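Below is one structure, written out as structure tokens, with a few remarks after it.
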Amino acid sequence: METSQPTKVTVQAVIQAPVEKVWRYWTEPDHITKWNQATEEWHAPRAENDLRVGGKFLTRMEAKDGSMGFDFGGVYDVVNRHEAIGYTMEDGRRVDIAFVDQGNETKVLETFDAESSNPVEFQQAGWQAILDNFKAYTEQN
């Protein structure tokens, strides 16, 4: 029986803010709903986050025109305050996020297992767009 390892994809951004602020904006539901979308046509009307190993998170993603939506969620495997978050999505894929403290800026590296129904480049572009929204929101607020 052949098993294949999932393709790992990494997106990254350097946010002009200290790691404490970056961590707070990444993990608090009131902030998550402000930045967690890939395009202006989408939004995240609801977010829940139990930030602890074994805790669950869920973000509701919806098209603003009401045409479609889905829940994005998973369970935390790693929570190292101001350093790293790791989780397993509901479909079994893994995500690892590193927060690298660089003084007044923070590098965020997010590595995820690609799924098989969309091209890797499409997935990478979508995840990078969300990370870019996070960067813009965090730097402007």
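In this text, all values refer to a predicted model and were calculated from it rather than measured experimentally. FYI, the numbering just counts along the sequence from 1.
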Where [X] and [Y] come nearest, the two heavy atoms and their spacing:
| X | Y | value |
| --- | --- | --- |
| Ala44 | Thr33 | O-CB, 3.1 Å |
| Val95 | Met89 | CG2-CE, 3.6 Å |
| Trp42 | Gln37 | O-CG, 3.4 Å |
| Ala47 | Pro29 | O-CB, 3.4 Å |
| Ala114 | Pro6 | O-CB, 4.4 Å |

Indicate yes or no for a side-chain donor-acceptor contact from [X] to the backbone of [Y] under 3.5 Å, with no hydrogens or angles considered.
| X | Y | answer |
| --- | --- | --- |
| Gln123 | Glu115 | yes |
| Asn141 | Tyr137 | yes |
| Arg94 | Tyr87 | yes |
| Glu139 | Gln16 | yes |

Crowded around Asn118 CG? As in, over 12 foreign heavy atoms under 6.0 Å?
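More than 12 heavy atoms, drawn from other residues, nucleotides or ligands, come within 6.0 Å of this atom.
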Quick one, Gln12 with Val108, criterion side-chain contact (heavy atoms from CB on, under 4.5 Å). Give me CA distance, side-chain angles, the key distance, then yes/no.
CA-CA 5 Å; Gln12 62 182 314; Val108 177; over 6 Å; no
To the nearest 0.5 Å, what is the distance between [atom1] ([X]) and [atom2] ([Y])?
| X | Y | atom1 | atom2 | answer |
| --- | --- | --- | --- | --- |
| Glu110 | Ile85 | CD | CD1 | 9.5 Å |
| Leu109 | Thr106 | CG | OG1 | 11.5 Å |
| Thr88 | Asp77 | OG1 | CG | 3.5 Å |

Quick one: do Lys64 and Glu62 make a salt bridge, cutoff under 4.0 Å?
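Salt bridge: no.
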Pairing of Lys107 and Glu105 as salt bridge, 4.0 angstrom limit
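Here Lys107 does not pair with Glu105 in a salt bridge, since their nearest N and O are not under 4.0 Å apart.
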For Phe99 together with His82, are the ring centres under 6.0 Å from each other?
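No, the ring centres sit 6.0 Å or more apart.
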For side chain to side chain donor-acceptor pair (under 3.5 Å), just list the numbers for Asn49 and Tyr76, CA-CA rounded to whole Å, side-chain angles, deciding distance to a tenth of an Å, and then say yes or no.
CA-CA 10 Å; Asn49 196 18; Tyr76 290 110; 2.5 Å; yes
Do the ring planes of Phe57 and Phe72 sit parallel (below 30°), tilted (30 to 60°) or perpendicular (above 60°)?
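If you compare the ring of Phe57 with that of Phe72, the planes turn out tilted.
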Assess Lys21 against Tyr25: is NZ or CZ under 6.0 Å from the centre of the six-membered ring, and within 45 degrees of the ring's axis?
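Geometry flag: set, cation within 6.0 Å and 45°.
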Minimum side-chain heavy-atom gap Lys8-Asp113 below 4.5 Å:
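In contact.
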Find out whether Val78 and Val53 are in side-chain contact, i.e. whether some heavy atom of one side chain is under 4.5 Å from a heavy atom of the other.
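Counting from C-beta outward, Val78 and Val53 never come under 4.5 Å.
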Just one of Trp35, Trp23, Trp127 clears the ring-ring contact (aromatic ring centres under 6.0 Å, His included) bar with Phe134, so which one?
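Single ring-ring contact (aromatic ring centres under 6.0 Å, His included) partner of Phe134 among Trp35, Trp23, Trp127: Trp35.
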Please tell me whether Thr111 and Asp96 have a donor and an acceptor in their side chains that are separated by less than 3.5 angstrom.
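No donor-acceptor contact under 3.5 Å links the two side chains.
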